[in-house]
2 protein chains.
Amino acid sequence: MAPPAPGDHEARRKDVSEAVWRVLAAKGFGGLTLRAVAAEMGASTGMLTHYFPSKRALVTHALDLLEQDTAGRPRRTPPADGLPTVRAMLLDILPLTPADTARNRIWVSSWDLSLADETLTAQQGDRYARLRDTFRPHLETARGLGEIPSNADTGQLASAAVAFVHGLVVQALFDPGRFPEDVQIAMLDDFVARLAGPGTDTAPGSSRDT
Amino acid sequence: MAPPAPGDHEARRKDVSEAVWRVLAAKGFGGLTLRAVAAEMGASTGMLTHYFPSKRALVTHALDLLEQDTAGRPRRTPPADGLPTVRAMLLDILPLTPADTARNRIWVSSWDLSLADETLTAQQGDRYARLRDTFRPHLETARGLGEIPSNADTGQLASAAVAFVHGLVVQALFDPGRFPEDVQIAMLDDFVARLAGPGTDTAPGSSRDT
DNA sequence: CCCTACATACCAAACGCTTGTTACGTACCT
DNA sequence: AGGTACGTAACAAGCGTTTGGTATGTAGGG
């Protein structure tokens with residue numbers, strides 16, 4: 001009955017991954033149990049431990065899945081250098097499709113676990129640093145193009161952009177009715193438009209990064 | 001041995017509340033168990049059920065505690081009507097003190113549970129609506145004072161302000177070293193300064209999509 | 001003033017259930 | 001034959017919950 005073809009080890013791991021994903025989307029990390037995952041794919045917990053020796057390994061794999069899904073998600077083709085690209089990148093984060101909503105929901109869900117574990121806290125902190133770093137070069141391009149002031153602190157603006165978009169994600173997750181697609185986009189466009197403004201005028205020689 | 005004075009029922013509930021708070025600050029909602037709370041106050045689980053008949057009741061109480069602590073926290077005296085008040089209110093949210101950090105950490109931790117439960121999701125959504133509503137009148141005052149453009153959408157700006165500050169909270173929680181007090185304040189000041197700008201000029205009759 | 005009656009406040013222990021983990025058996029393919 | 005791929009089943013630990021018992025208080029009657 002059960003096909004033990006020894007070649008599709010990776011394929012079976014992928015099946016497990018999809019079951020993990022569905023459990024996470026439905027019940028979050030607090031509801032991620034071996035039995036829930038096993039039941040989701042109509043298998044036994046013994047089979048799970050055949051692919052993931054411990055719960056910790058499964059959780060780690062779930063976090064990897066999250067990162068992998070995030071990195072591999074379909075993205076908009078960058079329209080033009082500078083601010084339009086920043087806008088497109090931020091749009092790619094918002095929960096505008098069911099897939100984006102699930103991914104964001106799982107990210108937010110993971111924060112409880114991440115905050116309770118020192119190692120995971122540091123990893124999440126690094127992830128945020130990397131995310132900010134992906135915005136920075138495009139903000140520098142925008143500065144070079146004169147789309148934002150020449151004295152703008154691109155590192156700080158990257159942090160601000162990530163902050164704004166993730167804060168919007170959280171509100172949208174808790175109240176999708178009040179944050180439909182057009183509202184989210186309008187808010188994002190408004191935010192990007194304000195990037196072009198002066199912000200706080202920093203006196204020369206007073207700003208340092210990191 | 002143990003004094004069962006029947007008058008201090010509320011006082012004892014407060015003791016329980018403080019133990020719950022300490023457990024939440026240390027281990028989040030995922031680590032909130034009856035035994036952990038009982039151990040935290042050197043008592044038994046039977047005593048807990050004497051004050052909270054079920055785990056659900058304790059969790060509900062914990063969420064009430066969060067709301068209560070948030071509502072009752074010390075706040076800055078509003079400096080001047082309009083934008084300065086908005087800035088002060090946003091400053092009151094940021095994790096600048098250990099108490100603020102603990103409160104924010106617990107809030108973020110609660111989102112896993114809240115997203116997994118329909119009722120809690122709606123409650124959190126309402127909380128966000130109320131939070132946005134506390135900003136709106138001051139933004140309208142700012143508009144009346146000419147601090148922000150006369151065609152500004154105050155409701156949208158309130159959502160944006162809450163989004164920005166909570167997104168900043170999350171990043172600061174995961175990487176306190178990179179978001180010390182002065183960085184957080186600088187980012188907030190920059191954001192508030194941009195509120196004074198035009199944002200997206202909503203020309204009547206023109207629409208932009210996708 | 002003492003004795004009984006009763007409610008409160010709790011502890012210790014056990015309940016049944018779920019958790020992660022492990023051991024063992026078996027079907028299958030090479 | 002032997003390794004791979006499972007299912008079955010048990011395990012101890014931890015979970016929320018329940019039970020039984022024991023102090024400690026208050027209240028009322030004699």
Side-chain angles (χ1 to χ4, degrees), chain A residues 1-20 22-24 26-63 65 109-110 112-113 116-117 119-120, chain B residues 1-20 22-24 26-63 65 109-110 112-113 116-117 119-120:
Chain A
M1 299 295 265
D8 51 4
H9 189 89
E10 283 307 312
R12 208 83 180 89
R13 270 179 71 103
K14 192 172 175 184
D15 291 345
V16 176
S17 297
E18 289 171 7
V20 167
R22 264 171 284 154
V23 169
L24 285 177
K27 306 196 265 186
F29 271 83
L32 181 66
T33 69
L34 299 185
R35 281 170 175 81
V37 174
E40 180 69 33
M41 57 190 297
S44 67
T45 71
M47 176 254 159
L48 273 182
T49 63
H50 186 69
Y51 291 94
F52 299 95
S54 71
K55 164 92 182 261
R56 177 116 201 137
L58 215 182
V59 169
T60 300
H61 177 67
L63 291 171
L65 265 182
S109 162
S110 75
D112 183 23
L113 208 88
D117 182 285
T119 304
L120 296 182
Chain B
M1 300 282 202
D8 52 5
H9 190 88
E10 284 307 314
R12 208 83 181 88
R13 271 179 71 104
K14 193 172 174 185
D15 290 346
V16 175
S17 298
E18 288 172 7
V20 167
R22 264 172 282 151
V23 170
L24 285 177
K27 306 197 264 186
F29 271 83
L32 181 66
T33 69
L34 299 185
R35 280 170 175 80
V37 175
E40 180 68 34
M41 58 191 295
S44 68
T45 70
M47 177 253 161
L48 274 181
T49 62
H50 186 68
Y51 292 93
F52 299 95
S54 71
K55 165 93 182 261
R56 176 117 201 137
L58 215 181
V59 169
T60 300
H61 177 68
L63 291 171
L65 265 183
S109 163
S110 75
D112 183 24
L113 208 90
D117 183 287
T119 305
L120 296 182

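For clarity, every value in this text was computed on a predicted model and none was experimentally measured. Every heavy atom of this structure was used, including side-chain atoms; hydrogens, water molecules and symmetry mates were not. Letters go in sequence order (proteins before strands), and every chain restarts at 1.
- When all heavy atoms are compared, the tightest approach of A:Ala62 to A:Leu32 is CB-CD2, 4.3 Å.
- Distance from the side chain of B:Thr49 is smallest for D:dT17 among the nucleotides C:dC11, C:dT22, D:dT17.
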(request) Could you encode protein contacts along nucleotides 12-19 of chain C as a string, one character per nucleotide from 5' to 3', using B for base contact, S for sugar-phosphate-only contact and - for no contact, with a heavy-atom cut-off of under 4.0 Å? (result) BBB----B
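- The two residues A:Tyr51 and A:Arg13 make their nearest non-hydrogen contact at O-NH1, 3.5 Å.
- Closest approach of B:Ala116 and A:Lys27 over heavy atoms only: CB-O, 3.7 Å.
- In this structure, A:Tyr51 reaches the sugar-phosphate backbone alone: every heavy-atom distance under 4.0 Å involves primed, P, OP1 or OP2 atoms, never a base.
- Remark: A:Glu10 CD to A:Ser17 OG distance equals 9.0 Å, nearest 0.5 Å.
- In this structure, CG in A:Leu113 is found 8.0 Å from OG in A:Ser109, a value given to the nearest 0.5 Å.
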Nucleotide N/O to protein N/O under 3.5 Å, stretch nucleotides 20-22 of chain D:
none

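- For A:Arg12 and D:dC6, the shortest distance from a side-chain N or O to OP1 or OP2 is below 4.0 Å.
- Listed pair B:His9 / C:dT8 fails the phosphate criterion, with no side-chain N or O lying under 4.0 Å from OP1 or OP2.
- Proximity of B:His9 to B:Lys14: side-chain heavy atoms (C-beta onward) are nowhere separated by under 4.5 Å.
- Applying the salt bridge (charged side-chain N to carboxylate O under 4.0 Å, His left out) rule to pairs touching residues 48-57 of chain B yields B:Arg56-B:Asp117, sequence neighbours excluded.
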(request) Just do the side-chain contact (heavy atoms from CB on, under 4.5 Å) check on A:Val20 and A:Leu24 with the steps written out, would you? (result) CA-CA 6 Å; A:Val20 167; A:Leu24 285 177; 3.9 Å; yes
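- A straight line from CG of B:Leu58 to C1' of D:dT17 spans 13 Å, rounded to a whole angstrom.
- Between A:Asp15 atom CG and D:dA5 atom C1' the separation is 13 Å, expressed in whole Å.
- Not one side-chain nitrogen or oxygen of A:His50 sits closer than 4.0 Å to the OP1 or OP2 atom of D:dC6.
- In this structure, B:Leu48 places its CG atom 10 Å from P of D:dG16, rounding to the nearest Å.
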